[in-house]
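Quick note on labels: first sequence line is chain A, next is B, and so on, each numbered from 1. Since the structure is predicted, the reported quantities are computational estimates derived from the model, not experimental observations.
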There are 2 protein chains.
Amino acid sequence: MSKSLPSTNRSLPIALIRAREGVMAPIRDMLSETSITEQQWRVLRVLADFGRMDTKTLADRSSLLFPSLTRIAATLRDKGFVTQTRDDQDRRRQLIEITAAGQRIINDHAPQAAQIAEGFKDILGAAEYETLLDLLTRLDPGAQD
Amino acid sequence: MSKSLPSTNRSLPIALIRAREGVMAPIRDMLSETSITEQQWRVLRVLADFGRMDTKTLADRSSLLFPSLTRIAATLRDKGFVTQTRDDQDRRRQLIEITAAGQRIINDHAPQAAQIAEGFKDILGAAEYETLLDLLTRLDPGAQD
DNA sequence: GTGCAACAATTAACATGTTAAGGAAATGGA
DNA sequence: TCCATTTCCTTAACATGTTAATTGTTGCAC
């Protein structure tokens, strides 16, 4: 047996990259009709899901690094899809909220996005789909469960 | 029942991103001692695995887009870790090969990289590790098997 | 109060992801 | 031969990933 490197054919990082590419391709196709990117869509999704929140929480829930979120929030604000307001209690903090226009983007594409998600469940089967989500979660050190 | 969007808590794209982050974090830590990035490491891995090849094949095996590979190859060439030569039969083609210095980077870190990979097998268990790789492969449309 | 550590957010700098356009070489006819 | 098409690769432009440095704010010890 061995401590040798696995072949790149059977490498977990590469498998994760390719799976992500396969999953995101149809979503990117869908978003190509809009003016927003995959990450901007993710941020709007989280805001629609949980409502107004501070930047730190938004970054965590969107799985984005802080500097990325700073730029994305600025872009979304310029496009009129979110609003940024200072927290009066702690003026370091910033609260971000989705606007009606932003919510409209979500609503307009939610059915198609749901259909794409269902498609992947069909490919794997419901049981294996759940298995996959569980296994992926166990690779995420930030998922303390 | 529903065609409604799944909560972002249980979203496959986000789970893939977080898993990738969890897997790559220790690898990035390892590479921080070197002068190369995660993607440059991946390219060198493939070249060490398969030997000299043209850019198209290298891009496929490294799961990199062509424009990214163009830049990465130039960077690695400037660092002296790969060589680029024109194919005499087809002068459009370019052949890329790892150098001794590049191979040394791989050799010096292969044990540690293998140990990191083993760590993830331990976290999931060997059987579930294989299950995960299989499920991920089924999400990759480019994996015709 | 003053000074300092801790925190939230931004900015900077560089590498990569992504799409589109461009350039050079090969290919396949008319 | 000529030309359109295809193929391989590069360049450009913009968005994001990543790390480090910087700017405001807060809270706390003194």
Side-chain angles (χ1 to χ4, degrees), chain A residues 13-14 16-18 20-44 53-60 62-79 81 84-96, chain B residues 13-14 16-18 20-44 53-60 62-79 81 84-96:
Chain A
I14 291 186
L16 286 168
I17 291 169
R18 289 183 174 154
R20 175 167 140 69
E21 171 56 27
V23 168
M24 291 316 298
I27 297 178
R28 267 204 305 275
D29 288 346
M30 172 189 81
L31 292 177
S32 68
E33 307 166 356
T34 74
S35 60
I36 67 172
T37 68
E38 168 198 331
Q39 287 83 354
Q40 292 166 17
W41 167 261
R42 211 159 72 220
V43 168
L44 291 182
M53 71 190 74
D54 64 288
T55 307
K56 189 186 192 63
T57 306
L58 180 54
D60 285 345
S62 309
S63 286
L64 290 168
L65 293 179
F66 234 90
S68 295
L69 185 54
T70 293
R71 289 176 300 212
I72 293 173
T75 302
L76 288 174
R77 169 174 43 74
D78 292 346
K79 291 179 176 174
F81 296 151
Q84 297 175 305
T85 55
R86 285 272 156 216
D87 183 333
D88 284 332
Q89 268 62 47
D90 185 340
R91 296 168 54 77
R92 292 171 301 183
R93 279 219 177 84
Q94 193 180 175
L95 295 176
I96 301 189
Chain B
I14 290 185
L16 286 168
I17 290 169
R18 290 183 174 155
R20 175 167 140 68
E21 170 57 26
V23 169
M24 291 315 299
I27 298 178
R28 266 204 306 275
D29 287 346
M30 173 189 80
L31 292 177
S32 68
E33 308 166 355
T34 75
S35 60
I36 67 173
T37 68
E38 168 197 331
Q39 287 83 355
Q40 292 166 16
W41 166 261
R42 212 159 72 219
V43 168
L44 290 182
M53 71 190 73
D54 65 288
T55 307
K56 189 187 192 59
T57 307
L58 180 54
D60 285 345
S62 309
S63 286
L64 289 168
L65 293 179
F66 235 90
S68 295
L69 185 54
T70 293
R71 289 176 300 210
I72 291 172
T75 302
L76 288 175
R77 169 173 44 73
D78 292 346
K79 291 180 176 174
F81 295 151
Q84 297 174 305
T85 56
R86 285 271 155 216
D87 184 333
D88 284 333
Q89 268 63 46
D90 185 340
R91 297 168 53 78
R92 291 171 302 183
R93 279 216 177 88
Q94 193 181 176
L95 295 176
I96 302 188

Under a 3.5 Å cutoff, is there a donor and acceptor pairing between the side chains of Asp54(A) and Thr57(A)?
yes

Which part of the nucleic acid, if any, lies within reach of Gln40(B) when heavy atoms closer than 4.0 Å are counted: base, sugar-phosphate only, or nothing?
sugar-phosphate

Who pairs with Asp90(B) by side-chain hydrogen bond (donor to acceptor under 3.5 Å, both in side chains), at least two apart in sequence or on another chain?
Arg92(B)

Go through residues 23-32 of chain A and report each residue with a non-hydrogen atom lying under 4.0 Å from DNA chain C, sorted by number.
Arg28(A)

Out of curiosity, Ile14(A) CD1 to Glu21(A) CD, how far, rounded to the nearest 0.5 Å?
14.0 Å

Contacts of Arg93(A) that satisfy side-chain hydrogen bond (donor to acceptor under 3.5 Å, both in side chains) - sequence neighbours left out:
none

By salt bridge (Lys or Arg N to Asp or Glu O under 4.0 Å) - contacts of Asp60(A) (at least two apart):
none

What are the bounds, 5' to 3', of the part of DNA chain D that sits under 4.0 Å from heavy atoms of chain A?
dA15(D) to dT26(D)

Degree of bending, the helix from dG1(C)-dC30(D) to dA30(C)-dT1(D) (end axes from five pairs; round to 10°):
0°

Closest heavy-atom pair and its distance - Trp41(B), Leu31(B):
CB-CD1, 3.6 Å

Checking Thr85(B) now: which residues fulfil side chain to side chain contact (heavy atoms under 4.5 Å, CB included) with it, not counting sequence neighbours?
Leu95(B)

Give a yes or no on this: more than 12 heavy atoms of other residues, nucleotides or ligands lie within 6.0 Å of atom CZ of Arg91(B).
no

Please list, chain by chain and in numerical order, all residues satisfying side-chain hydrogen bond (donor to acceptor under 3.5 Å, both in side chains) with Ser35(B), sequence neighbours excluded.
none

When you measure from every atom of DNA chain D, which of residues 63-72 of chain A have a heavy atom less than 4.0 Å away?
Leu64(A), Leu65(A), Pro67(A), Ser68(A), Arg71(A), Ile72(A)

Could you tell me which residues satisfy salt bridge (Lys or Arg N to Asp or Glu O under 4.0 Å) with Arg20(B), sequence neighbours excluded, listed by chain and number?
Glu38(B)

Nearest-Å distance for atom pair CZ/C1', residues Arg86(B) and dG23(C):
11 Å

Nucleic acid contacts - residues 88-96 of chain B versus DNA chain C, non-hydrogen atoms under 4.0 Å:
Gln89(B), Asp90(B), Arg91(B), Arg92(B)

Donor-acceptor pair between Arg18(B) and Ser63(A) side chains, under 3.5 angstrom
yes

Does some side-chain heavy atom of Gln94(B) sit less than 4.5 Å from a side-chain heavy atom of Lys56(B)?
no

Distance (rounded to the nearest 0.5 Å) between Leu64(A) CG and Gln39(A) CD:
6.5 Å

Between atom CD in Glu38(A) and atom C1' in dT19(C), what is the gap in whole Å?
14 Å

Side chain to side chain, Phe81(A) and Gln40(A), heavy atoms closer than 4.5 Å:
no

Distance-only check: which donor-acceptor pairs under 3.5 Å involve side-chain atoms of residues 69-77 of chain B, not counting sequence neighbours?
unit_1   : atom_1 : unit_2   : atom_2 : d
Thr70(B) : OG1    : Phe66(B) : O      : 3.2
Thr75(B) : OG1    : Arg71(B) : O      : 3.0
Arg77(B) : NE     : Gln84(B) : OE1    : 2.4

Rounded to whole angstrom units, what separation is found between the CG atom of Asp54(A) and the P atom of dA8(C)?
8 Å

